[in-house]
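The structure under discussion appears below in the form of structure tokens.
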Amino acid sequence: MLDPQILRNDIEATAQKLATRGYQLDVEAWNELEKNRKHYQILQEQLQNHRTVKSKSIGQAKAKGEDIAPLMDEVKAIGVQLDEAKAKFEEIQKEVQKLTMYMPNLAMDDVPLGKDEEDNVEVRKWGEPTAFDFEPKDHVDLGVKNGWLNSESAAKLSGSRFTVLSGTIAKLQRVLAQFMLDTHTSQNGYTEHYVPFLVNEATMTGSGQLPKFADDAFITTDEKYLIPTAEVPLTNLYANTIIAKRDLPVKMTAHTPCFRKEAGSYGKDTRGMIRQHQFEKVEMVQIVHPQDSNQALEDMTACAEGILKALEIPFRTIVLCTGDMGFGAAKTYDIEVWLPGEDQYREISSCSNCTDFQARRMKTRYRDENEKKPQLVHTLNGSGLAVGRCLIAVMENYQNQDGTIRVPKVLQPYFGGLEVLN
RNA sequence: GGAGAGGUGGCAGAGCGGCUGAAUGCACUGGUCUUGAAAACCAGCAAGGAUUAAUAGUCCUUCGUGGGUUCAAAUCCCACCCUCUCCGCCA
């Protein structure tokens with residue numbers, strides 16, 4: 001949610017900024033709505049005040065043994081007016097809510113302007129696309145050939161966009177997640193958490209998935225949502241909380257499955273396990289002082305990159321343009337890993353600074369002795385990394401001509417020294 | 001799933017129709033005392049919102065959530081949610 005103050009006092013500039021993100025705000029209609037809001041809010045509060053004052057005088061009159069009948073009639077009349085004003089105000093508030101809850105965050109000034117992924121800008125590149133002296137296969141061919149990967153079985157069990165992993169590849173995925181978690185907790189200062197995979201509506205709203213993206217999430221019969229990312233439970237751990245300034249920054253990580261309907265991507269990435277309804281991810285979340293969020297984004301992105309460097313897999317990092325960023329983000333870096341099977345870079349991590357956008361929805365604040373009131377924190381989240389896609393990246397980059405896969409050096413201890421999977 | 005108890009400020013905990021945004025204690029902040037600290041004593045200390053140039057003042061809201069009764073609700077009624085204890089079931 002945006003700061004209501006800027007929507008009142010700086011509507012023109014805000015509308016322009018929103019436009020860079022593909023959100024068209026009808027300024028005239030907004031101003032009209034805002035005018036009404038102000039009128040009815042003031043009216044309602046005044047009537048409320050009148051009633052309270054009069055009601056109290058009834059108590060006093062009664063104590064003195066005076067006749068209270070005329071006073072009671074008067075208060076009753078105020079009550080009727082109040083109910084009317086209240087109803088009107090609530091109606092307006094609902095409209096305001098409807099607009100503000102669907103407005104994306106504002107982009108930071110250094111985010112490149114653009115319409116879609118075509119306008120994203122590469123900021124750095126690590127390594128060169130892996131060279132092979134044979135024609136590299138993609139993860140599907142490698143997986144099916146070795147009995148590691150089976151989408152027919154998954155379809156039988158569940159439907160499309162699911163995969164069954166078997167044998168050493170199933171273990172490789174587990175090991176990758178563990179390696180990531182170990183790295184973030186022992187080297188990067190994150191605290192590991194185990195969190196619920198089903199959350200309530202308030203939690204999904206706090207981090208921005210609802211109400212706008214209801215169609216992307218799986219909902220259970222008792223109104224719980226399957227988490228689309230661990231960002232949701234991790235960030236909301238601090239919903240409705242005032243954090244002491246000395247406890248910032250909070251750095252959390254978790255390994256969870258993620259569930260997504262992929263409603264908007266029919267026919268896209270249907271081959272293999274690039275885009276699934278269920279996938280594993282290690283997530284990083286930071287809650288920081290507003291002054292520190294820019295630096296925290298750089299640090300977090302470096303932590304995600306660090307995993308790929310340790311695995312020795314080539315990647316590049318891009319900064320998303322205004323039009324391609326997610327709803328709650330003010331600035332986002334995507335890390336794209338090289339996939340020989342596709343002969344292109346594919347997203348494996350997305351690290352975002354959400355500034356105070358989620359904090360305002362969640363009411364997450366920090367207390368500074370120098371400030372009179374608690375202030376909103378900034379929140380950040382980033383994949384560190386998408387485990388399923390990382391599995392693909394290892395398979396494709398570490399493949400041998402005979403279809404076996406070499407184990408990256410840093411993972412070998414997890415396999416008891418094993419160097420090749422077959 | 002069944003029975004019972006309960007949800008009040010950062011925490012603990014009173015209040016059970018108007019004088020209660022809420023006693024008291026702890027924690028926290030400032031001060032007195034002290035070489036310094038502790039103790040003691042004094043003072044302060046909820047959040048959100050509207051208005052406003054204002055972090056000045058004024059006003060509104062909030063005692064789990066949502067409804068209801070009433071001139072007036074933390075306090076009475078109803079529904080729901082959550083927590084705890086016991087029983088049942090179960091990895």
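So you know, we letter chains A, B, ... as the sequences are listed, proteins then strands, and number each from 1. Note that the structure is a prediction, hence the values are computed from the model and not measured.
Counting non-hydrogen atoms under 4.0 angstrom, Pro4(A) reaches nothing in the nucleic acid. Residue-level contact check: Arg360(A) touches neither bases nor backbone, having no heavy atom under 4.0 Å from any strand.
Base-pair partner of U32(B): A40(B) (Watson-Crick or G-U wobble, both distances under 3.5 Å). Across all strands shown, G57(B) forms a Watson-Crick or G-U wobble pair with U51(B), both key distances being under 3.5 Å. Partner assigned to G66(B) is C78(B), using Watson-Crick or G-U wobble distances below 3.5 angstrom. Figure legend. A5(B) is base-paired to U83(B); pairs are counted as Watson-Crick or G-U wobble with both atom distances under 3.5 Å. Across all strands shown, the partner of U24(B) is A12(B), judged by Watson-Crick or G-U wobble contacts whose two distances both fall under 3.5 Å. With both pairing distances under 3.5 Å, G17(B) is matched to nothing as a Watson-Crick or G-U wobble pair. Pairing of C45(B), defined by two Watson-Crick or G-U wobble distances under 3.5 Å, is not identified with any nucleotide.
Nucleotides G31(B) and G18(B) have their C1' atoms positioned 38 Å apart, rounded to a whole Å. Comparing the P positions of A22(B) and A74(B) gives a spacing of 12 Å, expressed to the nearest Å. Comparing C81(B) with C19(B), their P atoms are spaced 33 Å from each other, to the whole Å. Spacing between A73(B) and U61(B) at atom C1', rounded to whole Å, works out to 15 Å. Only the P atoms considered, G44(B) is 11 Å distant from U24(B), to the nearest whole Å. Using C1' as the reference atom, G6(B) and C63(B) are 14 Å apart when rounded to the nearest Å. Comparing U58(B) with C45(B), their P atoms sit 14 Å apart, to the nearest whole Å. Nucleotides U55(B) and G49(B) place their P atoms 12 Å apart, quoted to the nearest Å.
In summary, Asp269(A) and Arg346(A) engage in a salt bridge, as defined by a charged side-chain N under 4.0 Å from a carboxylate O. The existence of a salt bridge linking Glu262(A) and Arg161(A) is excluded, since no basic side-chain nitrogen approaches an acidic carboxylate oxygen closer than 4.0 Å. Looking at Glu34(A) and Arg37(A), a side-chain N of the basic residue comes within less than 4.0 Å of a carboxylate O on the acidic one, giving a salt bridge. The pair Asp356(A)-Arg360(A) meets the salt-bridge criterion, with a side-chain N (NZ, NE, NH1 or NH2) lying under 4.0 Å from an Asp/Glu carboxylate O.
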Distance-only donor-acceptor pairs under 3.5 Å for side chains of residues 164-173 of chain A, two or more places apart:
residue   : atom : partner   : partner atom : Å
Thr168(A) : OG1  : Trp148(A) : NE1          : 3.1

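For RNA chain B, the outermost nucleotides in 5' to 3' order that have an atom under 4.0 Å from a heavy atom of chain A are G18(B) to A72(B).
Of the residues near RNA chain B, Lys38(A) and Gln44(A), the one whose nearest nucleotide (by heavy atom distance) lies more toward the 5' end is Lys38(A). Comparing Gln48(A) and Ser55(A) by the nucleotide of RNA chain B whose heavy atom lies nearest to each, the residue mapping closer to the 5' end is Ser55(A).
A ring-centre distance under 6.0 Å is not found for Tyr23(A) and Tyr102(A).
Partners of Gln16(A) under the side chain to side chain contact (heavy atoms under 4.5 Å, CB included) rule, at least two apart in sequence or in another chain, do not exist in this structure.
Side chains of Thr404(A) and Asn400(A): a donor on one and an acceptor on the other come within 3.5 Å.
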